[in-house]
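Take a look at the structure set out below.
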Amino acid sequence: MNGKVVSIDINMFWQIINFFILVFVFNKYFKKPLGKMLDSRKKKITSDLSQAEDTKKAAIELQKESEEILRKAKIEANEILKTAEKKADERREAILDEAKTQREKIIKTAEMEAIKMKSDAKEMLQEEVKVLAVKLAETLIKEKINSKIESTLIDEFIDEVGEEKW
């Protein structure tokens, strides 16, 4: 070796020239189409990413809306249940009041019937007492009784009247 560290020979020179020719051809014919393709690819990816972000935001919004609708539906369901319970309680109270009113009417009617029956029984007893008194008077007159027979008949009359009363 002659002591040269780097030796430039003719092959190396041609390789360098070939390289520059390739760079020139590449810049002349391939740089713009490849640049356009890379730019369109970059735009498509950016568009897809922004569309994905928008879709994600819309999904989050829809989720929030659905949660709000669900919350409102639960509140409305609770209100409907409370209203139904209140109406049921009111209906129950109305039925109980109506039952109490009818019970009171039935009790009053029964009391009036009992009073009427008592009055009728009293009138019947008075009629029977009158009839018995008339019979006793007839019997006393017919037999022209003496004081012994008279006291016996009066005792019998009192016993009969006492039995009728009770």
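Each residue takes its place number in the sequence, starting with 1.
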Query - Shared hydrophobic cluster for Ile80 and Ile75 (ILVMFWY, side-chain gaps under 4.5 Å) - result: no
Query raised in the report: Given the rule that I, L, V, M, F, W and Y join up when any side-chain heavy atoms are under 4.5 Å apart, are Ile106 and Ile115 in one cluster?
Result: no
**Report entry** side chain to side chain contact (heavy atoms under 4.5 Å, CB included) evaluation trace for Phe30 with Leu34
**Finding:** CA-CA 6 Å; Phe30 296 116; Leu34 284 176; 4.1 Å; yes
Requested in this report: Would you mind telling me which of Asn27, Val25, Ile21 makes a side-chain contact (heavy atoms from CB on, under 4.5 Å) with Val23?
Outcome: Asn27
**Report entry** Qualifying residue for side-chain contact (heavy atoms from CB on, under 4.5 Å) with Gln102, from Glu98, Glu104, Lys100
**Finding:** Glu98
Query raised in the report: After noting the C-alpha distance and the side-chain angles of Asp48 and Lys44, does the key distance pass the side chain to side chain contact (heavy atoms under 4.5 Å, CB included) rule?
Result: CA-CA 6 Å; Asp48 289 348; Lys44 185 177 182 324; 3.3 Å; yes
Taking atom [atom1] of [X] and atom [atom2] of [Y], what is their separation to the nearest 0.5 Å?
{"X": "Glu76", "Y": "Thr83", "atom1": "CD", "atom2": "OG1", "result": "10.0 Å"}
{"X": "Glu90", "Y": "Arg92", "atom1": "CD", "atom2": "CZ", "result": "11.0 Å"}
{"X": "Leu125", "Y": "Lys118", "atom1": "CG", "atom2": "NZ", "result": "12.5 Å"}
{"X": "Asp39", "Y": "Thr46", "atom1": "CG", "atom2": "OG1", "result": "10.0 Å"}
{"X": "Glu53", "Y": "Lys56", "atom1": "CD", "atom2": "NZ", "result": "6.0 Å"}
{"X": "Glu85", "Y": "Asp89", "atom1": "CD", "atom2": "CG", "result": "7.5 Å"}

Requested in this report: Mark yes when over 12 heavy atoms from residues, nucleotides or ligands other than Glu67 sit less than 6.0 Å from its CD; otherwise mark no.
Outcome: yes
**Report entry** Arg71 atom CZ, over 12 foreign heavy atoms within 6.0 Å
**Finding:** yes
Report task. Check the pair Glu123, Ser119 against side chain to side chain contact (heavy atoms under 4.5 Å, CB included), reporting the backbone distance first and the verdict last. Result -> CA-CA 6 Å; Glu123 287 176 11; Ser119 173; 3.8 Å; yes
Query raised in the report: Heavy atoms, side chains only, cut-off 4.5 Å: are Lys57 and Glu61 in contact?
Result: no
Report task. Dump the intermediate steps for salt bridge (Lys or Arg N to Asp or Glu O under 4.0 Å) on Lys116 and Asp120, then the final yes or no. Result -> CA-CA 6 Å; Lys116 187 176 185 309; Asp120 290 347; 3.4 Å; yes
Query raised in the report: For Glu111 and Ile107, what are the C-alpha separation, side-chain angles and deciding distance, and is it a side chain to side chain contact (heavy atoms under 4.5 Å, CB included)?
Result: CA-CA 6 Å; Glu111 287 175 350; Ile107 289 173; 3.7 Å; yes
Query raised in the report: Counting N and O atoms only, with roles assigned by atom type, does the side chain of Ser66 sit under 3.5 Å from a partner on the main chain of Leu62, one being a donor and the other an acceptor?
Result: yes
